[in-house]
Structures are given as structure tokens and as C-alpha cells.
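Reviewing the structure listed below.
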Amino acid sequence: MDQLLLFFVSLVANLFSAFSGGGAGLLQLPVLIFLGLPFGVALATHKVASVALGAGATLRHLRENTLERRFTLFVLATGLPGVIVGASVILHVPGRMAEIALGCLTLGLGLYSGSKARLGQDYRPGHRDRRGMLLGGGMLFLLGVLNGSLTSGTGLFVTLWLVGWFGLDYKRAVAYTLVLVGLFWNGAGALTLGLLGSIKWDWIPALLAGSLIGGYAGAHLAIRQGNRWIKRAFEVISILVGIKLIIG
């Protein structure tokens, strides 16, 4: 029964995450803790499972050929070091105050996006000069630190940053988030946490199966539905993740 529950929770959480550009930890991480895992073990186990979300989404998004190679390498180069830093320190830092602060910021993301009707509806590349890339890369590094340390909601930050700063529409931003954050950032975080802590390996197969199928299905829905529906899903998931982080 635990394996069936893990598969179902992973499937639902990652389907919505792949559609909206983040938020899988809203449901998946609390369930792992509820089933008896300590926070550090639950976080590492969730990170490993989330790599399959990126893999499933990658399989679908690569068919659309929406990722620019140079920009892809830029997001990886600026974010991955932050992920490793965040994952290295989180096991030694009390996380409750950080979760509340992150919850308030995530809630603000959803409300901000909801107040901007045209945000992320059109592809208008911006801030691609040296100063813009340096500032944008610095923020991606900080978001990488958050991604490595606090799993819930950080993908949503990356999605909105790609929309607000670099001028991507929601469909492109979600593709970058799922492929780069889901597959590579989460992979680096899982590796770091696995080396420093421990992982519940006998739960991984059910979580991986749910993440892979949910990631592919959510990415397919995002591609088919377009920017308006992705924007609405992003706002709903951001608000729910924010509230969940605040109330604990």
C-alpha cells in the first residue's frame, strides 16, 4: 500500500509541476515525512525522484526543439554551483524560518503574476547584454542555492525569473525549468545530499515511475494548452505552495 501511495502521490505532484513549472515538493515531500522519514532523508529521496520529472519532461520538450543551446548552458553554469552550495549546508541549518520566508515570497509570486495580465504571454527576449546576463546569472545562482536547500517552490522562482527578466513566455520558461532544474539542478542536489546524508532507496522505484510518467504527461499538457493556461496553473500552484510553506 505504501508503494501504491508513493506512486500516486508522485504521479499527481509531478504532473502538476510539469504543467505549471514547479511545485512538486508541495505534495511529495510532506507525504515522505508523514510516512516516517526524517527531513534530511525525505529531502534527498525527493530530490532523486524529481530527477525523473526532469527526464520525463525532457523527453517531451526535446521533440518541440524550444531550448537555445547557449542559453541552456548559461542557466546550467550559473545555477549548478548554487545547488551544490545549498545542498551542502541545508543538513546543518534549521529550516523553519527559511521555509516561512520562502513561503511568503512564493505566495507573492503567484499574486504578482496574477496582477500582470500579459506577463509571459509573448516571447520578448531581454537583458541579453553583458550586464543583464551577469545580473540574471547572479540571481540564478541564488535560486540554485534555494533549490539545493529548500525543495518546495524553487522551480516556480526560476520560471518567473526567466519570464520577468529574460523575457521568455511561460511555455518556454517552463521547458527550461523542467529540463534544466528538474533534470540537472535536482540531479546535482540529489548527488550532494546522497553523499552527505542518506536516501530511502526502497521507495525510489515507485517515486521514479510516478515522476517520469507525471513529468511527461504534464509537459505534454503544457505544450498543448499554451501560455494562458500555464500562467493560471503557475499562479494557483505558487499560491498553494506559499501557503503550505507558511503554515508548515
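- Ile84 and Leu146 fall into different hydrophobic clusters, where Ile, Leu, Val, Met, Phe, Trp and Tyr are joined by side-chain heavy atoms under 4.5 Å apart, directly or via other members.
- Look at Asp129 and Arg131 and you find no salt bridge, because none of the NZ, NE, NH1 or NH2 atoms lies under 4.0 Å from a carboxylate O.
- Between the CH2 atom in Trp161 and the CG atom in Leu142 there is a gap of 9.5 Å [rounded to 0.5 Å].
- When all heavy atoms are compared, the tightest approach of Phe184 to Leu80 is O-CD2, 3.5 Å.
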Pair Val236, Phe16 - check side-chain contact (heavy atoms from CB on, under 4.5 Å), show working.
CA-CA 10 Å; Val236 170; Phe16 281 107; over 6 Å; no

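- Between the Ser10 side chain and the Ser211 main chain, a donor and an acceptor come within less than 3.5 Å of each other.
- The minimum heavy-atom distance linking Glu235 with Gly110 is given by the pair CG-O, 3.6 Å.
- Annotation: Tyr216, atom OH; neighbour count of heavy atoms from other residues, nucleotides and ligands within 6.0 Å is above 12.
- Shortest non-hydrogen contact noted between Ala49 and Leu208 is CA-CD2, 3.8 Å.
- No single ILVMFWY cluster, assembled from side-chain heavy atoms under 4.5 Å apart, contains both Leu191 and Ile204.
- Using cut-offs of 30° and 60° for the angle between ring planes, the Trp165 and His127 rings count as parallel.
- The CE atom of Met133 lies 4.0 Å from the CZ atom of Phe74; values are rounded to the nearest 0.5 Å.
- Within the 3.5 Å criterion, the main-chain N or O of Ser113 finds a donor-acceptor partner in the side chain of Lys231.
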Give the C-alpha distance, both sets of side-chain angles, the deciding distance and a yes or no for side-chain contact (heavy atoms from CB on, under 4.5 Å) between Arg172 and Leu162.
CA-CA 9 Å; Arg172 284 182 173 83; Leu162 295 177; over 6 Å; no

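- Under a hydrophobic-cluster definition in which Ile, Leu, Val, Met, Phe, Trp and Tyr are linked whenever side-chain heavy atoms come within less than 4.5 Å, directly or via other members, Ile213 and Val12 are assigned to different clusters.
- A pairwise comparison of heavy atoms in Thr72 and Leu67 identifies OG1-CB, 3.8 Å as the closest pair.
- No donor-acceptor pair under 3.5 Å is formed between the side chain of Asn14 and the backbone N or O of Gly215.
- For the pair Val41 and Ser198, the tightest heavy-atom approach, listed with the atom from each and the gap, is CG2-OG, 3.2 Å.
- With a 6.0 Å cutoff to the six-membered ring centre and a 45° limit on the axis angle, Arg128 counts as a cation-pi contact of Phe71.
- Between Leu107 and Ile239, some side-chain heavy-atom pair lies under the 4.5 Å cut-off.
- Linking Ile, Leu, Val, Met, Phe, Trp and Tyr residues whenever their side-chain heavy atoms come within less than 4.5 Å leaves Trp201 and Phe7 in two separate clusters.
- Using a 4.5 Å heavy-atom cutoff, the side chains of Leu5 and Leu35 are in contact.
- The CG atom of Leu207 sits 9.5 Å away from atom NE2 of His46, with the distance rounded to the nearest 0.5 Å.
- For Leu183 against Val51, the heavy-atom pair with the smallest separation is CD1-O, 3.6 Å.
- Atoms CZ and NZ, from Arg228 and Lys171 in turn, are 13.0 Å apart once rounded to the nearest 0.5 Å.
- Note that CG of Leu212 and CG of Leu11 are 10.5 Å apart. Values are rounded to the nearest 0.5 Å.
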Does the pair Tyr176 and Glu68 meet the rule for a side-chain contact (heavy atoms from CB on, under 4.5 Å), with working shown?
CA-CA 9 Å; Tyr176 278 104; Glu68 303 171 33; 3.4 Å; yes

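- You'll find the side chain of Leu15 reaches within 4.5 Å of the side chain of Leu221, heavy atoms only.
- In this structure, Ile230 CD1 and Arg224 CZ are separated by 12.0 Å, a value rounded to the nearest 0.5 Å.
- Looking only at side-chain heavy atoms (C-beta outward), Val163 and Leu119 come within less than 4.5 Å of each other.
- At a threshold of 4.5 Å between non-hydrogen side-chain atoms, the residues Leu32 and Leu6 count as touching.
- Both Leu76 and Leu135 belong to a common hydrophobic cluster when Ile, Leu, Val, Met, Phe, Trp and Tyr are linked at side-chain heavy-atom distances under 4.5 angstrom.
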